[in-house]
Amino acid sequence: MEPAQPADRVPADPTPPDGRPPLPPTAEPVAGVAPAEGPAAASAPAGGTAPVTDGDPEPALVAAAAADERAADEPAGERAAVVRAGRAEKSRSERSPKDMALSLLVLLVPIALLLAFYRGFLGGEQPTTVDAAPAYEQARAANVFPVAEPTGLGSGWRTVSASFRTVDDGANLRVGYLTPEGRGAQLVQSNVPPERLLPAELTAEGQPQGPADLGGANWQRYTGRGNEQALVLLTPNRTVIVVGDARDNELRELAGALR
């Protein structure tokens, strides 16, 4: 049997009749303490918990508020520029090697087509050939030295220059050729004295290297400029020079074709 409780004590878990939910216990007045009055008492929670006092806000909330304030202070144009710059940097960084290769291919295709058109239809990189007949006719009309002209050269020989000019001490006939191997050769006929003509055509370092047998004529081998070599024929009325970076057999072919 439980001991008798005082008549003025409220049971800890009063159960209302008729199955209603239990009512929360009411705080008992503490002896000798007067109940609180005024706004503070009204705002205090019923359970007796003290209200939250004003203190330092949390760091995360402070940082978020500061960022919002800075964003609000920035002009709209600057924020848009920063966003666009970020997007452009991202797009550049996202380009793959395949995309770069495709971009380069798009640029190279038109260039290749133009180059093919230039070479195939416009004759690009093909030497411009000339007709040497007028220069030979002028030299013969001047009648200052006997004029020889090559005959019987193969179809691979192309004439790329031809001129006849008079100078202070004589006249020069020059005809330039492109050999079948794509090298250069020049035929010079002149009545300028050899002591002046040879240094001018072969440089002062040009020296004879021995005879060259070409159809019984007295041709001499000479050194020329750089990697050039020359065949020289000296006669009383003229000097004939075949010079160029062509091979020896091509120079001999040109010199032997003179008639």
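Excluded from the calculations below are hydrogen atoms, water molecules and symmetry mates; all remaining heavy atoms, backbone and side chain alike, are included.
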With no hydrogens and no angle check, is any side-chain donor or acceptor of [X] less than 3.5 Å from a backbone partner on [Y]?
X	Y	answer
Ser190	Ala171	yes
Arg238	Pro146	yes
Thr203	Pro199	no

| said: Is there a side-chain contact (heavy atoms from CB on, under 4.5 Å) between Val232 and Thr239? Walk through the geometry before answering. | reply: CA-CA 7 Å; Val232 178; Thr239 300; 4.2 Å; yes

Joint hydrophobic cluster, [X] plus [Y], side-chain heavy atoms closer than 4.5 Å:
X	Y	value
Val188	Trp219	no
Leu202	Leu234	yes
Tyr136	Val144	yes
Leu197	Val240	no

Whether [Y] and [X] form a salt bridge (side-chain N of Lys/Arg under 4.0 Å from carboxylate O of Asp/Glu) is what I want to check.
X	Y	value
Arg183	Glu250	no
Glu201	Arg196	no
Arg225	Asp245	no

| query | With respect to Arg158, which candidate in Val130, Leu178, Leu153 satisfies the side chain to side chain contact (heavy atoms under 4.5 Å, CB included) definition? | reply |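 Checked Val130, Leu178, Leu153 against Arg158; only one passes side chain to side chain contact (heavy atoms under 4.5 Å, CB included): Leu178.
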
| said: Quick one, Leu173 with Leu187, criterion side-chain contact (heavy atoms from CB on, under 4.5 Å). Give me CA distance, side-chain angles, the key distance, then yes/no. | reply: CA-CA 8 Å; Leu173 172 64; Leu187 170 63; over 6 Å; no

| request: Give the minimum heavy-atom separation between Val192 and Gly170, together with the two atoms involved. | output: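 For Val192 versus Gly170, the nearest heavy atoms are CG2-CA, 4.2 Å.
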
| field | side-chain contact (heavy atoms from CB on, under 4.5 Å) assessment of Arg221 paired with Asp248 | value | CA-CA 10 Å; Arg221 299 178 183 274; Asp248 179 71; 2.7 Å; yes

| task | For the residue pair Trp157 and Tyr177, categorise the inter-ring angle as parallel (less than 30°), tilted (30 to 60°) or perpendicular (more than 60°). | result |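 Trp157 and Tyr177: perpendicular rings.
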
| Stepwise, does the salt bridge (Lys or Arg N to Asp or Glu O under 4.0 Å) test hold for Glu149 with Arg140? | CA-CA 11 Å; Glu149 186 173 354; Arg140 292 190 179 96; 3.1 Å; yes

| field | Candidate pair Phe164 and Asn172, rule side-chain contact (heavy atoms from CB on, under 4.5 Å), full reasoning | value | CA-CA 6 Å; Phe164 174 77; Asn172 296 326; over 6 Å; no

